[in-house]
Number of protein chains: 6
Amino acid sequence: MPALRAYRALLDRAIEEDVGTGDATSLAIFSADHRSAARIEARQPLVACGLPLAAEVFDAIDPGLSVGIETAEGEAVEPGRVLLRVDGATRSLLTAERTALNFLGRLCGIASFTRRFVDAVAGTRARIVDTRKTLPGWRVLDKYAVATGGGTNHRFGLYDAVLIKDNHVAAAGGVGAAVKAAREGSASHLSIQVEVESLEDARIAADAGADLLLLDNRTPPELQEIVEALGGRIPLEASGGIDLTNVAAVAATGVDRISIGALTHSAPAADVALEIELGAVPGR
Amino acid sequence: MPALRAYRALLDRAIEEDVGTGDATSLAIFSADHRSAARIEARQPLVACGLPLAAEVFDAIDPGLSVGIETAEGEAVEPGRVLLRVDGATRSLLTAERTALNFLGRLCGIASFTRRFVDAVAGTRARIVDTRKTLPGWRVLDKYAVATGGGTNHRFGLYDAVLIKDNHVAAAGGVGAAVKAAREGSASHLSIQVEVESLEDARIAADAGADLLLLDNRTPPELQEIVEALGGRIPLEASGGIDLTNVAAVAATGVDRISIGALTHSAPAADVALEIELGAVPGR
Amino acid sequence: MPALRAYRALLDRAIEEDVGTGDATSLAIFSADHRSAARIEARQPLVACGLPLAAEVFDAIDPGLSVGIETAEGEAVEPGRVLLRVDGATRSLLTAERTALNFLGRLCGIASFTRRFVDAVAGTRARIVDTRKTLPGWRVLDKYAVATGGGTNHRFGLYDAVLIKDNHVAAAGGVGAAVKAAREGSASHLSIQVEVESLEDARIAADAGADLLLLDNRTPPELQEIVEALGGRIPLEASGGIDLTNVAAVAATGVDRISIGALTHSAPAADVALEIELGAVPGR
Amino acid sequence: MPALRAYRALLDRAIEEDVGTGDATSLAIFSADHRSAARIEARQPLVACGLPLAAEVFDAIDPGLSVGIETAEGEAVEPGRVLLRVDGATRSLLTAERTALNFLGRLCGIASFTRRFVDAVAGTRARIVDTRKTLPGWRVLDKYAVATGGGTNHRFGLYDAVLIKDNHVAAAGGVGAAVKAAREGSASHLSIQVEVESLEDARIAADAGADLLLLDNRTPPELQEIVEALGGRIPLEASGGIDLTNVAAVAATGVDRISIGALTHSAPAADVALEIELGAVPGR
Amino acid sequence: MPALRAYRALLDRAIEEDVGTGDATSLAIFSADHRSAARIEARQPLVACGLPLAAEVFDAIDPGLSVGIETAEGEAVEPGRVLLRVDGATRSLLTAERTALNFLGRLCGIASFTRRFVDAVAGTRARIVDTRKTLPGWRVLDKYAVATGGGTNHRFGLYDAVLIKDNHVAAAGGVGAAVKAAREGSASHLSIQVEVESLEDARIAADAGADLLLLDNRTPPELQEIVEALGGRIPLEASGGIDLTNVAAVAATGVDRISIGALTHSAPAADVALEIELGAVPGR
Amino acid sequence: MPALRAYRALLDRAIEEDVGTGDATSLAIFSADHRSAARIEARQPLVACGLPLAAEVFDAIDPGLSVGIETAEGEAVEPGRVLLRVDGATRSLLTAERTALNFLGRLCGIASFTRRFVDAVAGTRARIVDTRKTLPGWRVLDKYAVATGGGTNHRFGLYDAVLIKDNHVAAAGGVGAAVKAAREGSASHLSIQVEVESLEDARIAADAGADLLLLDNRTPPELQEIVEALGGRIPLEASGGIDLTNVAAVAATGVDRISIGALTHSAPAADVALEIELGAVPGR
């Protein structure tokens, strides 16, 4: 888990965006000493992710709130499940509500969306892998949510793995030359991944010492041909146009990894809500 | 348009997340003086949004790049349309690619998703309105994208409008009392919006001086009944469970506004891509 | 109230500016275990504002300090009134003193200055309203202080209301055309305010659907003429050259709002001071 | 002069506060290609300060604007004097206006207020000195404005000079002991200043090796007595309750320095305004 | 290369630390229009690193300066070699000098220190590898400097590789169990490195599927024994107590990698200096 | 001592750099509820510095950890001495380890290196003084470490003292003219230090009213000549090429101050380590 308390700057910014000079509505309706008990609940089946960050939101709004996390990171829960309980000043609860939910909506959303892909390929050798298509400012949080959902993190950025794509191949004068250039240069210690367009190129790349082959926009039969030729010799990763309707078919070809940009760029927000019992602060 | 150059901190962070110690692949393949021409293209019908920010990404990576924006903010374009052209050092183009696309994917994604709703209600009086369900750190950018897509921005935060919901009504002892409390308190100069559960409450709220009524999770017939009773007297906003399959039916009831959280929390990323012509730097 | 704990970045910066490598004087004079009791007192009649932020300063300097807020935000107090008590290590108390007072000086200063205007117009219908003439970096805090003093916040920025001024009128070709352009464009859902130079323009603006008229640099008789002609039909806001010597006369004309830039750009700091009882830590 | 371009974070924050999703009014009225010429003018006699920072604001809003600074930092100007000229897109000019003026209002305000004190003591040996009563986040800018106005900067923080006050004296067991503790401890290389309550204490402090004596809340006759006794032997600084009505009398006593918190905590904003000639972009 | 322009926040902070209210000395001596030509020179044999960042410092201080980089990143130069030329206002040159040199001192320092180790093991199979012992805030820049010096970057943080140390082994119940736990858990896709204390444990780790063995604080004979037993089968990395006096002996054992914390935590600063020719601005 | 808790931004950044998505190794090996006791120990003789900051690292990673500082800032300790004890979740201890040690390595490193110089000149009148050759982003922390080691801080930046160097002398037309320009200009209240190349210039500078003379790159005999001529009349500071082998000889000449850039730009990191007793949480 990331050290979520170290994301204070993002959290403070999120609070400032939403709260500004204050929650005008709650200030008008509730007295300063009105207290309530609240809980954040799942409204859909989801994978819990980011609860410690949501807890920090409440603490930042009002350190007098009492917060308890009720669900473990990565746990799959049913609708109605309580994720977090918090009680204290009603004004503070309502002021923090949307910011906490916005964090959870994205993080549980990515984790849950990832889990659906993971479940869809259960029983195959395929892992579900993310990409660099994360939201600016959210790279680590997005990738944490993918991992929490059971996915596997691809490279973190341009710096920690080589990924040779079509332009690199064209410039180098072929797949073999591109792999060779990477193997002999300053990045030689990194994992070298190569996007290949044909079985022939796949063989050349594997022979040249690539660590992983990326097969982009291939049909399942095309994938299967390459798996049969090279499977077990070098890991194979499928990508491009893969969604929940076809991921099982892709996995059935025997590829090792399936990378999906939508995990982080298009996961729908998870439906989570704060329920409040006005005036009810148990055990106080 | 926001002053996008003022978002340098977010932009720098995004670059740092992705680039780290450098683009290991491009450094291995391309020489420092290899130059190319590139263009960012739409791969789907979309509404252009955020191009000045994408241009800033290229400039931040390498001020020697030459960048030209080819499409106006808010313009609806077809697949294949060039949004932005940039040429210069190939290493720099490839280093900036993903960060620029990640910004555009979200901003064009929200603008395009919004436009689909706007188009779906064309010919009715209904505006498409956003919510506070934006991404932490992205409130202004997300709302800008909604407006670029033709949507209308709801309140910016808890501070600039009153929105009385069920808990406020319960605590105040009824809709009328809640509106009265808001009208007489420190927020009296703000727009006062009230979520109502019945036609009777709607009447009470309107009589009490509310500026707008929020009708959450109502069926079209229920909405229509309230429109017939109160339409024209006070603006009515429908929300809850509205998507592209039913938004036209909701609009047909005659409501003034339809607010949709998914515009910002679940818009799929727009499909944009950088195409590069290696070695081709025109007119130099 | 803003979520003052979310202003950690500003607070940390303020501390760093003042403390640097440490309080050289107190380190030379007091031993690390010397403890005292201190209180922050009003030295003039003032309106309390920002005490939770001052408390955070002490906590950030030394979490071992014990801090208690003694006065509610917005409360008007007499000289000698204790606003906040804090006790613990003397070195820490003295290290935090100036930063805490600098925050309070500005926030209590604005709130108190605002209150004087509010009191001066008591019994009239006029509200005292702020402007965008806030200090860079302090927009939210400055506006919070105005509201704490009993004032009303004007728009938060260029984005959340339309304010048509002379240049806009000139470019649009008249007041009516300017209002029409705003009403039909992308900002049509915002409040539309118009600065008018004559009764005739005021009528045109009201007829065109403006939500509020701004009457800049008008004499009380001029204001009164417009109030008599349009009062009750559209809210009227006076501005320009209004200070404590003439605000009552302006309010007596019957205008609805009086906006005053000096509330935030020229409020004198409130006189607050930290008194310390060396060695006296009660009840420990 | 500070490296004003290094204050990008404050500048970006100021822009974001004011501009948000954009200048709704100007976007509704002006087309994107409408261009104008603008100038920032003094509306009162003032001392120019912060013009390079105001120029940065325009550049950050729109790098296509052409900006020229017309007045040197520290120059005293009459009403009507042009401080800065800028021309380009009218929307950009109006979007940047308030942020640029807010910076100038404070910085010219402090410089001008300082200059009034400096002028009031002309012909005496007294320098006008600032304090640590600056605005959180603005220590360097505030002190720069004081220096620009002709004032002298006191210590920058708690770290770069020793200032022994009443509590330190009490704890140390007397002025002499306090000075001795400072002279022998880790801060011995710093300038040691001592607040003294009597002529006797002043003598003791000077004998003990203090570098400067602070005479707080003394009447001119009291000051004069100490000047006569110690003047020339050790610099003497008067403070407390000094304003434009009495500063000349204080200076006439022969003190070396007069420190005034109001320079930075209560300087009224300078009156500066942006004048615009619609459609007039000279020489293009 | 990192996108050095994206490090504006660190650069602005460095400038603010050093410049504050301005370069008091140069302001007193040089007129605003005095111009000079300057060059940054190596004062010792060094490896150039960070010149684009130094160039940014001059640009941030004064965009009117003309800066030219004269030496490629990673190039080894002799004393007297010009790294960067800059000319323009003398005040600006002197104001920027120290900040630019402080960046270069560290970055060239690390690159040069690394190069000495790289040169010392030339002809062996050993790479020189860094650690996570970087300076807080400088992880990417420090690792970039190592790579520029010819070294190889180890993992970037705790997140992108598994490194099993003694405590992990003890808790897991042995080397084999620890590797197995890593291989089967959520980090199974990461490189798994194991610190081993004996040849037997080395064999167990290799058999269990470790990707790399870390041999900490071993003598060359001990290293050699393990190289002879396992070399070629699994990469071997030596660490602990290795400096320029013994690195060649360690490399001679045949290990694949030698990791050295001192590269980033104790590299001496490179000696670089700015030479200035007063009044000499060539070709203007 | 600086207000170390106010350095949250640097601390959060350091944590984010190292932890990213989490400590993959510890997450694989230790269960969430495994607890241990740990201590940070000196591995070499060192001067303790920065322990409160290290404690903050553990708190930021996991507020459930219990941290106790065992050694006072500035205390010289022997190898084996415990500096800090912390116990709680084993995962948290290991996640925080490297970041905490990286802070301590630098701060104890600078303090310890400084102390060696201080000890080497014991019995002379010479103080050991730092320079502005600090690490970007670390000015205050670096100078705090020097002071903790017993050194004396030189000016904090370009703003708080005048230091006339060769270029200033050349431009002013001689040492005397340069001092005069500084004495009469805006910086006249600052300490004026002058770098002199000869005894004659030293006399001129002293006569002109300089506060301190800087003698750069002088041999001990040259220094002694100047000390004999001017010692006692004006403080003398030696600098340039001074290390532990020659500092005593320099001090023996009778100079008042010896400034050494290496204190902050080249201090080797102190050797500190975290020792952990798995499963051992005493007294719980």
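When reading the values below, keep in mind they use all heavy atoms of this one structure, side chains included, and skip hydrogens, waters and symmetry mates. To find a chain, count down the sequence lines: A is the first, B the second, and so on, and within it residues start at 1.
Here the shortest heavy-atom pairing between A:T21 and C:Y144 reads CG2-N, 3.9 Å. Pairing each heavy atom of A:I15 with each of C:A3, the nearest pair is CG2-CB, 3.4 Å.
Remark: A:R39 CZ is packed, more than 12 non-hydrogen atoms of other residues, nucleotides or ligands lying under 6.0 Å away. Counting non-hydrogen atoms of neighbouring residues, nucleotides and ligands closer than 6.0 angstrom, the CZ atom of C:R116 reaches no more than 12 such neighbours.
Of the listed residues (A:I61, A:D59, A:D62, A:L27), the one with the most heavy-atom contacts under 4.5 Å to chain C is A:D59.
Interatomic distance, CZ of C:R5 versus CZ of A:R8, reported as 10.0 Å (0.5 Å rounding). Taking CE from C:M1 and OG from A:S26, the interatomic distance works out to 12.5 Å, rounded to the nearest 0.5 Å.
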